[in-house]
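First the proteins, then the strands, lettered A, B, ... as listed; each starts at 1. Keep in mind that the numbers below use all heavy atoms, side chains included, and drop hydrogens, waters and symmetry copies.
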Amino acid sequence: MQPDSRDSYDPRSIEAKWQERWARQGTNEPDLDAVERPFFNLMMFPYPSAEGLHVGNLYAFTGADIYGRYQRLRGLDVFEPIGFDAFGIHSENYAIKVDVHPMELIPRNIENFTRQLRRTGMMYDWAHTVDTTDPAYYRWTQWIFLQLYEAGLAVRKEAPVNWCPSCQTVLANEQVIAGRCERCDTPVEQKLLSQWFFRITEYAQRLLENLDWLDWSESTKTAQRNWIGRSEGATIHFPLVGSEPAIEVFTTRPDTLFGATFMVLAPEHPLVDRLAGEAERAEVEAYRDATRRKDLVERRKGDKTKSGVFTGGYARNPATDEDIPVWIADYVLMDYGTGAIMAVPAHDERDFEFATEFGLPIVPVVLPFERTEEFENLSQVDGVLEGEAYIEHSDDEVLINSGRFSGLSAPAGAAGIIEWLAEKGLGEVSVNYRLHDWCISRQRYWGPPIPIIHCDECGAVPVPEQDLPVVLPYVADFRPDAHGVAPLARDEEFYRVDCPRCGRQARRETDVSDTFLDSAWYFLRYPSTDFDDRPLDEGRTRKWLPVDMYIGGEEHAVLHLLYSRFTTMVLNELGHLEFEEPYERFRKHGLLIREGAKMSKSKGNVVIPDDYIERYGADTFRAYLMFLGPYQEGGDFRDRGIVGIERFLNRMWEAVLQAVGESRNGVEAGDIERRLNATIKQVTEDIEALSYNTALAALMEYLNAIRYEGRVPSLDEVKPLILMLAPFTPHLSEELWDRLGSDLSVFEGVLWPEYDPQKLRAEVVEMPVQVNGRLRATITVDRGAATDTVQAQALADENVQRHVGDATIRKVVHVPDRLLNLVVQG
RNA sequence: GCCGGAGUGGCGGAACGGUAGACGCAGGGGACUUAAAAUCCUUGAGCCGAAAGGCUGUCCGGGUUCGAAUCCCGGCUCCGGCACCA
């Protein structure tokens, strides 16, 4: 039967029809209080750029939406919200570029994004959205700041911070990529400034430990572990010669203490002033100036030739009791460890280069065990090194030239040295983290004002909770200032305020907070958006959180995902949440590339989804995006491939209409029934594993099978296909389900098909027969046939016989129903 | 340099240690059509062969195994992240 030409698959009309119906009937808006099997399906909310929805956004969302729809078909009450991460430097820079005020620009972008998103067929609950620039939202962002402030976790301190001279603001460490600004690629400078910090380092150990039990993509966990960067070692005090404080250093190699022949401080180190001798002062100052002028790219590229100057001061090596010179050099960074090192040139590459450059002594103190025999005694120094630092570090090393510790293994030596230092009060075991406190101040306009008032009498005073939100005023000139003064500092009406504590005239904080604070808690807000008077409704929060499944890009592995874990931990500790980890499961998705290259605006190869959706329909485009590669690894977008999905869906349409026309029930026993069960099994397992490409392949195979040689499938043969396709092509499935005569939406009711394990396998199986591991024949045997039977049948095969010949069969490998391998002598 | 991940047809990609190349795209051949598009059938790693069949083949070199794309050792290349981290 030819389908009526007027009734061919027309995605445009079908999609419009179902989108309208879903919206009207509230299909995707679960009753957040009443439902019984809550499942919070989260995806990373987008930054609403002026360019509109990017195909990368759509790729991310579609993969997450499929998972949510699948859980819904399995009978869970899925809550799938979306929102807009609309504050931040990114938006602001764009506003500056096009010279439109962000307060005009951003609402327009959000409107545009909303329109685009509604067209993509996501299962969004539009009744619970979040917009970070809405005072009704950022009121609570400010509230969170105050919670941290009261808990002593938000502190103002002077610290070396990353300064972007182009964006004219400080950046968090995580926003500095290879020494450059994440946003504008300008080399970042370091400045010592007073800023607001969240003390995330206090939580470093817990953030690290919890990773052990979180069900997250392994690569994301690894990225976080590396970022937190825990190192175990010791803190050692080197007393200054002729001066009071000691220089503290952190080292992971306390076993090499006897080899520390000089020390190096970061040029910014506070002790430098005290140390610098009269003769050296001018040179030291010149070097510090030069360092200050270097940007991070220059400073961090790791030159082989080291620079530095001698301060004129000496410190005492507590192990050797020798006075060793103290230098400053820019290869020592103020923002790691204590900003000072003990230099062990024999066992550290950088120290070796430095010592070589400036003719400082190099004393080896560890040696691989097997080399000890080459040397006369354990005080040996000459000939141990071979022109470079010996930096191996294993348990098979012994200490040499280390006084009473000589002869001990490296681990025993390290332990002994630390114990000995501890007795003298000169050192202790310690742990150091690479993670820094989170700098949240931004000297910019487009963010939530930090809710603090500075009073000459009372100091920093938090804005009383009932005065929140501190509304971001409309400031016509919102551009940043060349001296790092925030735009709000130019708005007197904004900053002039009375101190809430003493009533005297005071001044508001004029910095705004980092965008990452906005996104550190947005998911917590979703279920509670209908409450104005509290950030998190207790009942809603208990019911819906923590998030059941979070799917997003790996680019946020260390930024957003770490900050939101930290925020959740703090809110848990303060009694606002009952859990300390926000996302029980996290899965990263891969990167979508374009014909082998990364998509980027500068390359001009960015795919705008609108045209494709217009031409092929959202369902086809969604399915294509999921078909082009393994979701967790990403894929290559090529226009050509879309037609494969288009044809498949057309065949699907035709098959269902034919089935409706013939109206036959039942599933044909035998091959078709077996394939149906196998398909259900595979598609179910594939979706669970986010292997969407193979799930679609399995569905295609099944459709091909039930339409073999023009066969018209039965209703019961196409029903499971419609259902299993529904997560990928929700509109099409709704339409076809409707045409089968159902009154309900595909997504209402528990409809995901089950398979019968009994029906997975056929009565006879095709079995490959190998001779000496090489395929020689394929025979048909009864399922579960015994080795003897199979072997006899195999030997009856002419080709097998030819290869076996007269040789003796030495071994028979029989994997029932899978394979037979005859090992013959020959 | 360090930490991840990956190298399979013309292309995107499939393969619990068990028939390598599922599914799809592009290509060849054919049907339908006045024609084209669409659709349908068919073919499809390379080499030899009329065929049956044989040989080679999953980045390279070794190894384990009855059997390796898959596991182990060594190397190369590409992608992503981090990087003077003491």
Side-chain angles (χ1 to χ4, degrees), chain A residues 2 8 177-179 217-223 225-227 229 231 233 249-253 256 264 266 299-304 306 329-333 335-344 347-351 353-354 432-435 554-555 557-558 590-591 593 595-596 598 624 627-630 632-645 647-648 650-651 654 682 691 693-704 707 709-710 766-778 798-799 802-803 810-815 818-824:
Chain A
Q2 279 296 313
S8 59
I177 309 297
S217 289
E218 214 40 60
S219 58
T220 310
K221 293 209 272 187
T222 304
R225 287 192 185 103
N226 291 343
W227 189 264
S231 322
V249 303
F250 171 77
T251 178
T252 53
R253 295 292 305 273
T256 63
V264 186
R299 185 161 171 187
R300 294 200 170 192
K301 66 189 169 200
D303 278 337
K304 281 289 172 189
K306 295 279 179 281
D330 64 5
Y331 81 92
V332 175
L333 307 173
D335 64 7
Y336 182 78
T338 62
I341 61 158
M342 64 176 208
V344 185
H347 304 295
D348 181 280
E349 221 173 320
R350 295 151 301 169
D351 298 344
E353 285 157 16
F354 194 84
N432 192 57
Y433 297 93
R434 208 187 76 109
L435 183 70
E554 180 114 87
E555 69 273 19
V558 292
L591 191 68
I593 57 170
E595 290 175 7
K598 200 171 167 174
Y624 173 62
F627 186 62
L628 49 70
Q632 300 198 64
E633 279 158 46
D636 197 350
F637 185 94
R638 282 165 204 261
D639 292 11
R640 290 199 307 206
I642 300 178
V643 299
I645 296 290
R647 288 176 190 154
F648 166 58
N650 274 318
R651 287 198 297 272
E654 194 180 298
Q682 188 179 345
S691 296
N693 57 334
T694 50
L696 281 165
L699 293 170
M700 289 174 180
E701 273 186 87
Y702 174 69
L703 178 64
N704 292 342
R707 286 178 29 104
E709 282 177 357
E766 295 288 299
M767 177 170 287
V769 178
Q770 299 178 336
V771 178
N772 284 345
R774 309 198 57 134
L775 183 71
R776 296 306 176 190
T778 306
E798 198 183 319
N799 204 38
R802 183 161 64 237
H803 284 91
R810 296 179 62 100
K811 188 170 177 181
V812 177
V813 180
H814 179 223
V815 185
R818 299 277 325 183
L819 161 139
L820 182 78
N821 185 13
L822 303 173
V823 185
V824 303

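Residue A:Arg776 is in sugar-phosphate contact alone, with no base atom involved, counting any heavy-atom pair closer than 4.0 Å across all strands shown. Contacts of A:Asn704 with the nucleic acid, taken as non-hydrogen atoms under 4.0 Å apart, involve only primed sugar atoms and P, OP1 or OP2. Counting non-hydrogen atoms under 4.0 angstrom, A:His803 reaches the backbone sugars and phosphates but no base. Contacts of A:Arg802 with the nucleic acid, taken as non-hydrogen atoms under 4.0 Å apart, involve only primed sugar atoms and P, OP1 or OP2. Across all strands shown, A:Val643 has heavy atoms under 4.0 Å from sugar-phosphate atoms exclusively, and none from any base. Residue contacts shown for A:Asn799 are limited to sugar-phosphate atoms, with no base heavy atom under 4.0 Å away. Heavy atoms of A:Asn650 sit nowhere under 4.0 angstrom from any nucleic acid atom.
Comparing atom distances between the A:Val823 side chain and each of B:A83, B:C66, B:C23 picks out B:C66 as nearest. Taking every side-chain heavy atom of A:Arg651 into account, B:G24 is the closest of B:C55, B:G24, B:C85. For A:Ala697, the side-chain atoms get nearest to B:A22 when compared with the rest of B:C82, B:A22, B:U56.
Nucleotide B:C11 forms a pair with B:G24, judged by Watson-Crick or G-U wobble geometry with both contacts under 3.5 Å. Base pairing of B:C82: its partner is B:G1, meeting the Watson-Crick or G-U wobble criterion (both donor-acceptor distances under 3.5 Å).
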Could I get a table of every N or O pair under 3.5 Å where one atom is in the protein and the other is in nucleotides 9-12 of chain B?
residue	atom	partner	partner atom	Å
B:G12	O2'	A:Leu628	O	2.7

Pairs under 3.5 Å (N/O, protein and nucleotides 1-7 of chain B):
residue	atom	partner	partner atom	Å
B:C3	O2'	A:Asn226	ND2	3.1

Sort me out a list of protein N/O and nucleotides 15-18 of chain B N/O pairs below 3.5 Å, or just none if empty.
residue	atom	partner	partner atom	Å
B:G18	N2	A:Gln770	OE1	3.4

When you look at A:Gln682 and A:Thr694, which way does the side chain to side chain donor-acceptor pair (under 3.5 Å) test go after all the steps?
CA-CA 9 Å; A:Gln682 188 179 345; A:Thr694 50; 4.7 Å; no
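Atom CZ in A:Arg651 sits 7.5 Å away from atom CE in A:Met700 (nearest 0.5 Å). Once rounded to the nearest 0.5 Å, the distance linking NE2 of A:His814 with CG of A:Leu822 reads 10.5 Å. Distance check, rounded to the nearest 0.5 Å: CE of A:Met342 to CG of A:Asp348 gives 9.5 Å.
Protein atom NE2 of A:His347 is 20 Å distant from nucleotide atom C1' of B:C85, rounded to whole Å. The nearest whole Å value for the distance from the CG atom in A:Asn772 to the P atom in B:G67 is 8 Å. Put simply, CG on A:Leu696 is 14 Å from C1' on B:A14, counting in whole angstrom units.
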Per-nucleotide protein contact along nucleotides 45-51 of chain B, 5' to 3', at a 4.0 Å heavy-atom cut-off (B base, S sugar-phosphate only, - neither), is -------
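Note: A:Tyr624 and A:Phe637 meet the aromatic proximity criterion, with ring centroids under 6.0 Å apart.
The cationic group of A:Lys306 does not satisfy the cation-pi geometry with A:Phe354, failing either the under 6.0 Å distance to the six-membered ring centre or the 45° limit from the ring axis.
For B:G9, the base adopts the syn conformation, since its glycosidic angle falls within 90 degrees of zero.
Every side-chain contact (heavy atoms from CB on, under 4.5 Å) that A:Leu591 has, sequence neighbours left out, goes to A:Ile593, A:Lys598. Here A:Thr252 pairs with A:Ser231, A:Phe250 under the side-chain contact (heavy atoms from CB on, under 4.5 Å) rule; sequence neighbours left out.
Judged purely by atom type and a 3.5 angstrom limit, A:Asn799 uses its side chain to pair as donor or acceptor with the backbone of A:Arg776.
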